[in-house]
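Notes for the one structure printed next.
Just so it is clear, the model here is predicted, and its values are computed rather than measured.
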There are 2 protein chains.
Amino acid sequence: MDRLTTQCGLDVSLSVIGGKWKPLILYHLQDGPTRFSEIRRRVGGISEKVLMQQLRELVAMDVLVRHDHQQVPPVVDYTLTPFGKTLVQALVPLCEWGNRHRAQVTETLRRAASPDGRTRSA
Amino acid sequence: MDRLTTQCGLDVSLSVIGGKWKPLILYHLQDGPTRFSEIRRRVGGISEKVLMQQLRELVAMDVLVRHDHQQVPPVVDYTLTPFGKTLVQALVPLCEWGNRHRAQVTETLRRAASPDGRTRSA
DNA sequence: GGTAGAACGTACCAAAATGTAAGTGTGAGT
DNA sequence: ACTCACACTTACATTTTGGTACGTTCTACC
């Protein structure tokens with residue numbers, strides 16, 4: 001009972017980076033401490049509300065630390081914890097895979113969405 | 001405009017393995033051709049409808065191939081394509097990460113969900 | 001004959017995730 | 001004075017996702 005079962009661990013990872021944005025967020029935090037608004041700009045397309053949620057969850061999971069500079073107007077930044085860095089490392093291959101196959105995937109998605117949907121021959 | 005942007009590739013991967021079940025499904029297909037009902041049993045907890053959806057999407061993305069044995073009662077199996085295998089390889093690290101940190105993640109989730117929510121010391 | 005199981009399809013629903021728009025308080029720039 | 005940016009929060013609307021339940025066609029089994 002150890003073939004590759006035991007629940008492959010994917011479930012664990014997924015529970016941490018689940019959602020549409022978390023992987024992207026983590027990715028954009030690799031440069032070091034980053035401010036809220038800067039993350040928002042980098043990720044692009046994410047709303048403040050959702051970004052906040054995700055950040056809070058990530059912080060709760062000890063993947064990030066939040067540093068409030070106690071200034072006004074507010075200055076807060078988020079940083080990957082060592083734990084978070086291991087996670088980022090783990091998704092590097094996925095990132096590379098995505099880059100390597102961007103064309104193919106994009107193309108496939110395109111034709112899947114094409115109105116006359118000729119996905120195959122007939 | 002190419003610092004590390006260009007979209008890190010994660011968006012591509014995510015568009016393929018997005019969703020609650022796809023990674024799990026792929027994982028359980030590593031053994032080779034697997035029948036629908038067998039996948040369902042292995043993954044566990046997934047409904048027929050959703051499994052069907054996911055499989056169809058995966059097939060559409062050329063990650064899997066569907067083989068209908070043209071028998072009755074129906075015999076159909078799904079297999080990873082070479083392309084699919086590269087994807088599976090890419091999520092191996094995530095899988096390992098999950099296994100390595102299962103305890104911590106589980107614990108964190110547990111206390112986050114605890115009714116009296118003592119997230120910190122006291 | 002009735003039942004079970006194979007691999008689906010479909011209708012309808014509930015829940016989760018995401019998005020939108022607005023508001024908060026304060027200080028710096030114009 | 002007015003506006004903007006900061007880091008959020010809240011209420012609300014919408015979209016996406018997942019789930020339940022049932023139907024189908026056919027065969028093997030009791």
Side-chain angles (χ1 to χ4, degrees), chain A residues 10-11 13-26 28-29 32-61 64-79 109 112-113 117 119-120, chain B residues 7 10-11 13-26 28-29 32-61 64-79 109 112-113 117 119:
Chain A
L10 248 14
D11 57 323
S13 321
L14 271 282
S15 69
V16 179
I17 56 162
K20 187 174 168 184
W21 302 103
K22 293 215 184 77
L24 280 308
I25 294 172
L26 294 184
H28 289 291
L29 278 171
T34 313
R35 298 183 61 176
F36 180 84
S37 50
E38 177 59 21
I39 300 175
R40 181 156 138 86
R41 272 186 292 269
R42 285 194 200 169
V43 173
I46 189 174
S47 69
E48 292 192 350
K49 190 199 95 174
V50 174
L51 179 54
M52 270 308 306
Q53 273 178 191
Q54 311 288 288
L55 288 175
R56 242 180 304 171
E57 289 171 20
L58 256 9
V59 168
M61 294 307 288
L64 303 181
V65 272
R66 186 184 111 109
H67 181 203
D68 187 337
H69 293 243
Q70 296 289 125
Q71 288 172 30
V72 61
V75 176
V76 178
D77 57 51
Y78 295 83
T79 315
L109 284 175
T119 322
R120 34 173 59 211
Chain B
Q7 287 315 313
L10 248 14
D11 57 323
S13 322
L14 270 281
S15 69
V16 178
I17 56 162
K20 186 172 167 184
W21 302 103
K22 294 213 185 81
L24 280 308
I25 293 171
L26 294 184
H28 289 290
L29 279 171
T34 313
R35 297 184 62 178
F36 179 84
S37 50
E38 177 59 21
I39 300 175
R40 181 156 139 89
R41 273 185 292 267
R42 286 192 200 170
V43 173
I46 189 173
S47 69
E48 291 192 351
K49 191 199 94 176
V50 174
L51 179 54
M52 271 306 308
Q53 273 178 191
Q54 312 287 287
L55 287 175
R56 242 180 305 172
E57 289 171 21
L58 257 8
V59 168
M61 294 306 290
L64 304 181
V65 272
R66 186 184 111 108
H67 181 204
D68 187 337
H69 293 242
Q70 296 289 124
Q71 287 172 30
V72 63
V75 176
V76 178
D77 57 51
Y78 295 83
T79 315
L109 284 176
T119 322

Protein-nucleotides 7-14 of chain C N/O pairs closer than 3.5 Å?
unit_1 : atom_1 : unit_2 : atom_2 : d
C:dA7  : OP1    : B:R35  : NE     : 2.9
C:dA7  : OP1    : B:R35  : NH2    : 3.3
C:dA7  : OP2    : B:S37  : N      : 2.9
C:dA7  : OP2    : B:S37  : OG     : 2.5
C:dC8  : OP1    : B:R66  : NH1    : 2.0
C:dC8  : OP2    : B:R66  : NH1    : 3.3
C:dC8  : OP2    : B:Y78  : OH     : 2.6
C:dC8  : N4     : B:E48  : OE1    : 2.4
C:dG9  : OP2    : B:R56  : NH2    : 3.2

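Separating the CD1 atom of A:I46 from the P atom of C:dA21 is a distance of 16 Å, rounded to the nearest angstrom. Between B:L14 atom CG and C:dA17 atom C1' there is a gap of 14 Å when expressed in whole angstrom units. Atoms CG (A:L51) and P (C:dT20) sit 14 Å apart, rounded to a whole Å. A:Q71 places its CD atom 11 Å from the P atom of C:dA28, with the value rounded to the nearest Å.
The phosphate of C:dG19 (OP1 or OP2) has a side-chain N or O of A:K20 nearer than 4.0 angstrom. Listed pair B:Q54 / D:dG18 meets the phosphate criterion, a side-chain N or O lying under 4.0 Å from OP1 or OP2. In this model, the phosphate group of D:dA7 is not approached by any side-chain N or O of A:R41 to a distance below 4.0 Å at OP1 or OP2.
With the 3.5 Å cutoff on both pairing distances, Watson-Crick and G-U pairs in DNA chain D assemble into runs of at least 3 at C:1-30 with D:1-30.
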Show the numbers, then the answer: is there a side chain to side chain contact (heavy atoms under 4.5 Å, CB included) between B:H67 and B:V75?
CA-CA 8 Å; B:H67 181 204; B:V75 176; over 6 Å; no

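Without hydrogens or angle criteria, B:T34 side chain to B:G32 main chain gives a donor-acceptor distance under 3.5 Å.
Closest contact between the side chain of A:P73 and the listed nucleotides D:dG18, C:dG19, C:dG27 involves C:dG27.
The closest side-chain heavy-atom distance from B:K20 to A:L14 is not below 4.5 Å.
Put simply, the residue from B:I25, B:I17, B:L26, B:L24 that forms a side chain to side chain contact (heavy atoms under 4.5 Å, CB included) with B:Q54 is B:I25.
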